Amino acid sequence: MKLVENADPTRQQVMQAIVPWTGRAHIIGLTGPPGAGKSTLTGQLARLLVKGGLTAGVVCIDPSSPFSGGAFLGDRVRMANLNSEPGVFIRSLATRGKLGGLSASTAEVIMLMDAAGKDVILVETVGTGQVEHQISHLADTTIMVTVPGLGDGIQTMKAGILEIADIFVVNKADREGAEATARDLAHMLDEFITGGWRPPVKLAVASRNEGTGEVWEAVQQHRLHLQGTGQWEQKRRDRLVRIMIDNVQAQALDRINRALEQDSLLQNLVRRVADGNLDPYAAATFVSGYLWQRQT
Amino acid sequence: MERKVVKVVMAKLGLDIHWRGVVAVSRLLRDAGMEVVYLGNQFPEAIVNAAIQEGADVVGLSTLGGNHAVLGPKVVQLLREKGMDDVMVIMGGVIPEEDIPALKAAGIVEVFGPETAIDEIVACINANVRQVG
Ligand SMILES: Nc1nc2c(ncn2[C@@H]2O[C@H](COP(=O)(O)OP(=O)(O)OP(=O)(O)O)[C@@H](O)[C@H]2O)c(=O)[nH]1
Ligand SMILES: [Mg+2]
């Protein structure tokens with residue numbers, strides 16, 4: 001796993017070898033505003049799964065610092081009693097500046113856990129704009145964890161979360177306004193959803209392990225829905241295509257960057273643009289044409 | 001190929017609950033470009049399991065109480081047993097001077113007092129961390 005996290009050259013061989021073993025796990029994304037209780041709920045779900053005789057992989061994603069490139073990955077603190085649980089494997093990942101927010105190796109780490117036979121993989125990400133869209137592509141079931149008194153939450157909803165969340169959890173239901181928030185959400189969903197899967201809204205107090213069973217129940221129902229409508233298989237096919245496209249793009253970008261650094265003709269061009277002797281648009285068109293021609 | 005990022009697992013050893021410095025140090029290591037997984041309070045078995053799952057390069061243990069003399073070496077021993085020989089273990093906190101030689105003999109790479117400058121810790125990690133992933 002270290003290999004894929006650090007873009008080791010043998011990564012491709014490893015990934016190619018495991019692809020046939022993937023596709024079995026139920027991949028569940030948990031997203032939502034900072035501090036909503038995602039880690040706490042993830043930990044409770046993992047414990048519930050293990051009690052039920054299943055194995056779980058957990059992936060916790062936190063942002064890398066844009067300044068230092070380092071990261072503080074603190075989600076494991078909320079899952080402390082899972083460290084010695086053999087049925088649960090937890091891996092923390094930093095986003096490493098990947099556009100949109102998901103770590104470049106998230107998909108690979110998920111696939112490795114899947115191939116290793118984990119029944120369920122829980123992926124926690126902070127929900128800020130773009131990220132939840134990416135997670136909804138990777139996951140079979142996306143859970144939006146929110147808290148009473150929407151406030152900023154409303155913004156999150158507007159940012160398109162209604163389309164991508166399959167289950168809503170109003171966590172911290174020990175606080176005032178949880179039921180009102182759940183009702184508001186349900187109303188919004190009523191207006192928005194027109195057939196197909198109707199996302200349920202569940203109340204939970206993750207810190208007291210209340211509502212975990214109901215959330216899991218909803219996850220199971222969503223799985224049945226996916227399997228009954230053929231979407232379970234479709235998602236697996238889409239995922240493989242997406243991985244291919246992502247890798248083509250990454251490899252292309254790599255080659256372009258290398259050419260720009262190493263090709264003397266291109267470097268000359270870069271200098272002319274910098275000196276103001278060539279306009280950047282014309283240069284870009286020339287560079288693209290030059291690169292494609294050279295590579296075919 | 002990307003530059004290798006150093007991954008550190010940080011924990012408070014055993015039942016120590018008072019020393020908040022470990023979170024501050026974790027954030028400073030982040031600012032030095034490292035990825036720091038913070039575990040909170042843990043015993044050696046759990047720390048080693050987490051280090052394995054995370055693929056850690058470094059394990060940082062903080063301690064205040066008198067348990068460091070046993071629990072610190074225990075972490076090193078468990079890592080060796082699991083074949084994680086190249087994970088470097090460091091300790092920090094309030095540790096009596098006279099205990100340090102025994103900790104180092106047990107395989108703890110370095111022991112830092114509460115006043116240690118972060119640059120010193122960063123330099124120690126960079127000098128000792130395994131170079132290949
Ligand atoms: N009152 C109350 N507090 C809770 C509940 N669930 C979690 N918390 C607390 O809320 C805080 C944040 O919980 P986390 O699980 O770390 O939240 P998170 O969404 O993972 O946070 P980030 O990963 O930092 O975005 C912790 O102090 C939890 O103990 C709940 O149901 N009720
Ligand atoms: Mg969290």
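On a predicted model such as this, the values are computed, not experimentally measured, just so you know. In what follows, chains are A, B, ... by sequence order, proteins preceding strands, each numbered from 1.
Between the side chain of N49(B) and the main chain of N83(A), a donor-acceptor pair closer than 3.5 Å is present. Side chain of S68(A) to main chain of R30(B): a donor-acceptor pair is present (N/O by atom type, distance under 3.5 Å, no hydrogens or angles).
Annotation: side-chain hydrogen bond (donor to acceptor under 3.5 Å, both in side chains) contacts involving residues 87-113 of chain B, sequence neighbours excluded, comprise H68(B)-D99(B), K104(B)-E110(B).
Scanning for side-chain contact (heavy atoms from CB on, under 4.5 Å) contacts around Q262(A) gives R258(A), with sequence neighbours left out.
At a cut-off of 3.5 Å, with distance as the only test, a side-chain donor of R76(A) or Q53(B) sits close to an acceptor on the other residue.
Heavy atoms of F72(A) lying under 4.5 Å from chain B belong to its backbone as well as its side chain. Of the atoms belonging to V59(A), not a single heavy atom falls under 4.5 Å from chain B.
Summarising the geometry of K7(B) relative to L73(A), their closest heavy-atom pair is CE-CD1, 4.4 Å, with the distance given to 0.1 Å. The shortest heavy-atom contact between V77(A) and Y38(B) is CG2-O, 3.3 Å. Residues S92(A) and V37(B) share a closest heavy-atom pair of OG-CG1, 3.8 Å. Among all heavy-atom pairs drawn from R96(A) and E35(B), the shortest one is NE-OE2, 2.6 Å.
Within a 6.0 Å sphere centred on CZ of R80(B), other residues, nucleotides and ligands contribute more than 12 heavy atoms.
For the atom pair CG of L93(A) and CD of E54(B), the computed distance is 8.0 Å after rounding to the nearest 0.5 Å.
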